[in-house]
Amino acid sequence: MKLHFTHLRLRNWRNFTEVDIKLQKRVFLVGPNASGKSNLIDVFRFLNDLVKPGGGFVSAVNNRGGVSSIRCLAARRKSNIEVSVKIGNDNKPELWEYSLVFSQDKNRIPKIKGEVVKKSGEVILERPKDEEQDDAELLRQTHLEQTQSNRNFKEVFDFFRRIYYLHIVPQIIRHPDRIIIARNDPYGSDFLSQIANLTEGRRKQRLKKIENALRKVVPQLSDLTFEIDAVGKPHIKAKYHNWRPNAGWQTESTFSDGTLRLTGILWALFGAKGPVLLEEPELSLHPGAVKYLPQMFAMAQKRTVNQMVISSHSYDMFTDEGIGLDETILLIPGSEKTEVKAASDDKDLRTLLEEGLVLADVILPYTAPSDGSQLVFAFE
Amino acid sequence: MSFCPTPHQAMVHSWFLRLNSISANMEWWGAVEGETDEFLMRRLASEFGIRFKVIYPAKGKDNLLKKLPGYNRSAHDRPWFVLIDLDRSFACAPEALKKWLPERSEMMIFKIAVRSIESWLMADRENFAKFFRVPLKSIPESPDDLENPKKRIIQLMEKSSSSIIRNDMIPTRGSGRKVGKLYSTQIQRFLMPGDTYWQLEKAMLHSESLSKCITNIRRFIGK
């Protein structure tokens with residue numbers, strides 16, 4: 001049975017002094033701007049960075065600006081950062097547990113303080129051992145990232161490898177010339193080369209599925225295809241039927257923001273083999289399409305993707321009456337730290353919903369910025 | 001000077017509209033409480049060849065009731081179809097009607113489902129049983145009498161022999177919601193035209209509320 005994250009525990013990660021939450025297969029993160037939705041999603045990207053080729057512990061930390069910028073401001077200066085996840089399936093939600101505790105040494109180089117792996121509750125790795133303490137090199141590498149030492153928990157390694165994050169920034173897709181194309185770039189600069197890297201058969205199959213889905217929202221679009229231009233650059237193109245009297249071909253450079261973003265989301269849902277992380281999938285989409293996204297996600301979960309972590313503050317998204325309160329994670333900022341809890345753990349919210357209110361009406365004001373109205377006075 | 005029409009003017013005016021307006025190629029405007037109601041409204045429309053310009057989802061009954069007077073004014077000169085659930089607001093539909101829309105515009109079809117459109121879905125008992133794989137005898141003979149038809153649908157799903165249906169329709173423990181993740185998608189599928197899916201004629205046999213609604217539409221469009 002496919003695995004998913006079942007539990008997340010954090011200490012001093014970014015703006016969270018403490019997080020301790022259960023995770024369902026579909027997770028919605030709701031909170032005001034700067035409440036840390038992206039920071040929470042970033043934990044899963046961090047785990048992916050630990051195990052990806054060219055990644056590893058030190059680069060995962062340094063790419064985030066080092067320990068001092070990851071460590072929560074509200075934490076004491078020398079506190080450790082802890083990331084701990086449980087992974088399992090419906091029958092065994094605690095099949096695996098992986099915990100990493102780290103800090104930095106005098107030279108501000110990241111340093112592992114603890115790495116623990118449990119299988120069905122039993123410890124199968126616990127380090128660093130006493131003899132490792134004097135070897136700085138050993139404390140800069142997790143056993144997870146090394147093929148020799150992760151043999152007993154390869155399943156965890158493989159699971160982290162399959163975490164998929166794609167947050168398409170349309171401008172980057174349209175003008176890749178101005179941006180260096182990075183491999184595994186989360187903002188999609190390599191989106192087209194990801195498409196290019198598939199075998200022709202699988203690519204055609206997946207583009208056909210994406211086209212069928214896109215046409216529900218953009219009915220004038222047809223013939224979504226892939227091509228390599230004269231100078232060897234990959235493109236996607238499609239016919240647009242009401243553009244000119246004869247259907248005109250357009251490439252990604254003239255696709256609308258919404259079309260490009262939806263293409264990216266569909267690409268992830270049809271292709272990802274592990275947990276998919278989506279940031280504000282509602283961006284650039286019409287509310288009439290957004291309100292069906294939760295149902296689309298649930299359908300996709302039956303076929304392809306096993307787990308999805310979605311950040312959103314779209315009213316329309318949360319009008320879906322099938323979104324579980326245990327799937328909804330609220331981020332409520334305080335003066336120094338953000339409180340994180342499942343909506344199901346809030347009795348007041350439950351009562352309001354019993355009264356027949358729409359989830360959006362209940363949770364969005366609850367997580368709204370307290371001084372939003374003051375924005376207007378910036379121009380006074 | 002008042003621009004309001006005298007009662008006589010208003011009557012002549014509405015007569016004129018009735019004679020002129022309800023032609024087959026006129027576009028309709030609609031409003032509903034939520035998604036499932038919209039699927040049903042679109043299905044009814046397709047049965048009678050009604051074309052909608054737009055259907056406004058109100059996101060809740062209170063919202064719909066707030067906007068109703070505006071829709072009603074708009075129905076002076078364009079056809080409107082508004083569907084709302086009676087739920088447990090009033091003892092019967094006429095009582096609710098008196099309160100919610102005391103003066104209906106000429107081209108307004110305002111229908112109150114007793115007690116909610118979910119009873120209309122169950123009213124095609126045979127196809128409901130087939131589609132959701134539940135025993136026919138467990139489906140109420142007159143779903144209009146149910147206090148809470150939606151709740152009954154979820155209870156019926158517990159008896160479904162299909163694990164897909166059970167997973168999609170029943171809320172998981174801890175979800176705190178009244179329906180499952182894919183409730184609305186499954187209802188949408190059930191309302192798609194097809195032999196083994198929901199049939200209007202059959203549903204009318206078991207729901208007086210639905211039959212009245214259909215009679216009303218027929219009278220309105222002259223079919």
Side-chain angles (χ1 to χ4, degrees), chain A residues 6 21-28 90 93 216 286-303 308 314-328 330 342-364, chain B residues 30 32-39 42 52-66 84-89 115-118 148 150-151 153-154 157 162-189 192:
Chain A
T6 55
I21 46 169
K22 276 189 182 166
L23 296 172
Q24 304 297 320
K25 286 192 201 166
R26 192 176 59 164
V27 181
F28 293 93
D90 293 338
K216 311 281 183 218
H286 189 280
V290 173
K291 70 174 178 179
Y292 294 109
L293 288 181
Q295 303 264 321
M296 185 181 90
F297 295 151
M299 281 296 251
Q301 286 189 301
K302 297 215 278 188
R303 308 210 172 270
M308 273 174 231
S314 156
Y315 185 93
D316 299 278
M317 185 89 78
F318 294 103
T319 56
D320 187 291
E321 53 180 348
I323 295 181
L325 299 185
D326 51 355
E327 296 180 299
T328 309
L330 307 173
S344 48
D345 291 334
D346 191 308
K347 239 170 71 193
D348 300 339
L349 292 184
R350 290 191 85 119
T351 318
L352 285 169
L353 281 172
E354 286 297 315
E355 295 301 316
L357 283 174
V358 178
L359 181 61
D361 284 328
V362 176
I363 59 168
L364 290 179
Chain B
V32 288
E33 284 182 46
E35 261 167 53
T36 31
D37 315 68
E38 184 178 334
F39 300 139
R42 291 201 185 277
F52 275 106
K53 193 177 180 72
V54 61
I55 294 178
Y56 292 110
K59 291 160 190 165
K61 178 188 222 140
D62 292 345
N63 283 335
L64 181 54
L65 287 173
K66 245 181 260 165
I84 196 165
D85 291 340
L86 175 64
D87 293 325
R88 276 152 290 181
S89 322
R115 302 237 159 214
S116 68
I117 67 125
E118 281 77 6
N148 189 338
K150 195 167 179 176
K151 194 169 169 189
I153 286 189
I154 300 302
M157 294 307 134
S162 151
S163 63
I164 295 174
I165 291 292
R166 290 197 307 270
N167 284 335
D168 288 356
M169 299 287 284
I170 304 170
T172 55
R173 236 183 333 146
S175 102
R177 305 307 300 270
K178 295 188 174 80
V179 299
K181 280 185 200 175
L182 284 164
Y183 174 86
S184 132
T185 298
Q186 287 292 4
I187 298 290
Q188 183 182 11
R189 284 186 54 213
M192 281 176 188

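Each chain gets a letter, A, B and so on, in the order its sequence line appears, and its residues count up from 1.
Only the side chain of A/Glu327 comes within contact range of chain B, judged by heavy atoms closer than 4.5 Å. Within the 4.5 angstrom heavy-atom criterion, atoms from both the backbone and the side chain of A/Leu359 approach chain B. Interface remark: A/Met296 contributes no atoms to any contact with chain B (heavy atom separation under 4.5 Å). Interface remark: B/Gln188 contributes no atoms to any contact with chain A (heavy atom separation under 4.5 Å). Proximity to chain B is absent for every atom of A/Gln24, based on heavy atoms less than 4.5 angstrom apart. Looking at A/Phe297, there are no atoms closer than 4.5 Å to chain B (heavy atoms on both sides), in backbone or side chain.
In this structure the side chain of A/Gln295 never reaches within 4.5 angstrom of the side chain of B/Tyr183, judged on heavy atoms.
In terms of heavy-atom proximity, A/Asp326 sits nearest to B/Gly174 at CG-O, 3.2 Å.
Once rounded to the nearest 0.5 Å, the distance linking OG1 of B/Thr185 with CG of A/Asp320 reads 8.0 Å. Within the model, atoms CG of A/Asp361 and CG of B/Asn63 stand 6.5 Å from one another, a figure rounded to the nearest 0.5 Å.
With B/Arg177 contributing its side chain and A/Ile323 its backbone, the two residues share a donor-acceptor pair below 3.5 Å.
Salt-bridge annotation for B/Lys59 and A/Glu321: absent, with no side-chain N of the basic residue lying under 4.0 Å from a carboxylate O of the acidic one. At a threshold of 4.0 Å, the pair B/Asp168-A/Lys302 counts as salt-bridged, since one of the basic side-chain nitrogens sits closer than that to a carboxylate oxygen.
Within a 6.0 Å radius of NZ in B/Lys178, more than 12 heavy atoms belonging to other residues, nucleotides or ligands are found.
Comparing B/Gly180, B/Pro171, B/Pro57, B/Gly34 by heavy-atom pairs within less than 4.5 Å of chain A, the highest count is held by B/Gly180.
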